[in-house]
Amino acid sequence: MPNSIVIGSQWGDEGKGKIVDFLTETADVVVRAQGGNNAGHTVISAGKKYVLHLMPSGILWPDKLNVIGNGVVIDPMGLLTEIDGLEEKGVSVASDRLKISNRAHITMPYHREMDAYNELQRGDGKIGTTKRGIGPTYGDKVDRTGFRLHDLVGDPTIFAERYYEKAQQCNVIFEAAGLEPIDAEATGKQLIAAGERLAPYTADTVEVLHNELRSGKTFLFEGAQGTYLDIDQGTYPFVTSSNTISAGACTGSGIPPHAIDEVIGVAKAYTTRVGAGPFPTGDEALSDRFHNMGREFGATTGRKRRCGWLDMVLLRYSAMVNGVSRWAITNVDGLDELEEIPICTRYEVNGKQVTLPPAPIAEFESAKPILETMPGWQEDTTGCRSYDELPANARAYLDRIEVETGAQVGFVGVGPDREQTIIR
Ligand code: GDP
Ligand code: IMO
Ligand code: MG
């Protein structure tokens, strides 16, 4: 397999975890390069369900190297909880299987509280964040006041001094707003203890990855979130705080673009979004339908995901900015029962038809989807194991994605299990 980047093409939760787990069989190294534990990637392996937040989905394969790159923001206690949970389920997370960048920024307890505080301040304009402290952590990184993992595992005395000072500054804001202040001393101690446990995993992962690259190993980059949550290309300000598009894999790992062979864009056969912000094809009846089927609840926060029809305007732009070479279209089985399936090919914005998403959020909010209807297949696809076994109308639906976006469909998901993945 070539070196591949797997990214989300919509608003996250496209099924990246499942696709990465599936592709890991033919890779040597699996890398997360952005986001934090706002991500929730569901993998079902040997009948067991795992929800991974910071851990690359390659961890479920015994002989692969997993790397958390410099672009990821790490909540040390959150990561340790995740490691312990995996070990309890019998998954080894030994320090020769997981390497964490010493350049990665740390999400602090005050970042989580600041996230909640910021949301409160936004009132009706709130983003609906996961409250994992992601925005404030990346904010400090860009403001050049953040802490990196080497600060925590390096000299605990220097770390503690800087940490107390920063926590006190945040406490002034929290107390003025009537919120509980952070217990700087207790949380500082917790962090230092967490740093001691994370020390064996901590490495200069740029050096580690380049050694692997030189010895001809195959890389798989696991994106988090999705293209429309990208800080530059998404529905700003209703976005996350990292570059979720394919380019983020390079900046967040230190692997140069010319080492990448392909980009796999993961998209659901319909669209979902969790949190606030525009959603032109959102449809309440479809949301109710999926929720009644027990589908489409957030893997990190348990919130109901908003659901809507497949939006080719989104996929067209995703194909462009990510350089999608192949699509992985998941959850095709979710549409099995429908007689007719609306798809959106263009928006009407300010009385004009457009084929690409508008930049101003007000225009995105007001965009009317121009829908057309495709015939459904009304057959159970969950047992299909080859492209030819798919019903003709399902293939026509997938063909249409290729026509609208100019990228080929390479993989099709017909259920949550690893085996329910078709390679074309
Ligand atoms: P991620 O964040 O992109 O990894 O996606 P999530 O795990 O948050 O959400 C995707 C959901 O869809 C999970 O519950 C997966 O188990 C499930 N899933 C993935 N692919 C398929 C598929 O092809 N069919 C069905 N029915 N479920 C799928
Ligand atoms: P995966 O990797 C879906 C959304 C939040 C909110 C916005 C900002 O599982 O696809 P943040 O906490 O990042 O500041 O929240 O982004 N969001 C996600 N939605 N899947 C995710 O990750 C998400 N990570 C963040 O709901 O709207
Ligand atoms: Mg998810």
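Order of appearance sets the numbers: ligands from 1, and atoms from 1 within every ligand.
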Looking at the rings of Tyr110 and Tyr163, which for Trp means the six-membered one, are their centres under 6.0 Å apart?
->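 Aromatic pair counts; centres sit under 6.0 Å.
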_Tell me whether ligand 1 is touched by Arg295 - counting only heavy atoms on the residue side and a distance under 4.0 Å._
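True for this residue.
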Discussion item. Tell me whether ligand 1 is touched by Gly334 - counting only heavy atoms on the residue side and a distance under 4.0 Å.
Written reply: no
Answer yes or no: is there an ion pair linking [X] with [Y], defined by an N-O contact shorter than 4.0 Å?
| X | Y | answer |
| --- | --- | --- |
| Glu119 | Arg122 | yes |
| Arg273 | Asp13 | no |
| Glu337 | Arg289 | yes |
| Arg316 | Glu404 | yes |
| Lys268 | Glu296 | yes |

With heavy atoms and a 4.0 Å threshold, my read on which part of Glu222 contacts ligand 1 is neither
Just need the protein heavy atom nearest to [atom], so name the residue and atom and give the distance.
| atom | value |
| --- | --- |
| atom 24 (N) of ligand 1 | Asp333 OD1, 2.8 Å |
| atom 2 (O) of ligand 1 | Gly40 O, 2.9 Å |
| atom 7 (O) of ligand 1 | Thr42 OG1, 2.6 Å |
| atom 20 (N) of ligand 1 | Lys18 CD, 3.4 Å |
| atom 12 (O) of ligand 1 | Asn331 ND2, 3.8 Å |
| atom 10 (C) of ligand 1 | Asp13 O, 3.6 Å |
| atom 11 (C) of ligand 1 | Arg305 NH1, 4.1 Å |

Could you check which of [options] puts a non-hydrogen atom nearest to [atom]?
| atom | options | value |
| --- | --- | --- |
| atom 5 (C) of ligand 2 | Gly275, Gly128, Gly40 | Gly128 |
| atom 8 (C) of ligand 2 | Thr130, Val239, Leu229 | Val239 |
| atom 27 (O) of ligand 2 | Thr240, Val274, Ile134, Val51 | Val274 |

Quick check: [X] and ligand 2, any N/O pair under 3.5 Å apart?
| X | result |
| --- | --- |
| Arg132 | no |
| Arg303 | yes |
| Asp13 | yes |

Here the atoms of ligand 2 under 4.0 Å from any heavy atom belonging to Ala39 are 1 (P), 2 (O), 9 (O), 22 (O)
Could you list which atoms of ligand 2 come closer than 4.0 Å to a heavy atom of Lys16?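 Answer for ligand 2: 1 (P), 2 (O), 10 (O).
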With respect to [X], determine whether any N or O atom, backbone or side chain, lies less than 3.5 Å from an N or O atom of ligand 1.
| X | value |
| --- | --- |
| Gly17 | yes |
| Ile44 | no |
| Val332 | no |
| Gln420 | no |

Counting only heavy atoms closer than 4.0 Å, does ligand 2 sit against the backbone of Phe238, its side chain, both, or neither?
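Near ligand 2, Phe238 shows nothing, with every heavy atom at 4.0 Å or more.
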#### Entry: Atom of Asp13 closest to the Mg ion (ligand 3), considering N, O or S atoms
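It is OD1, the N, O or S atom of Asp13 closest to the Mg ion (ligand 3).
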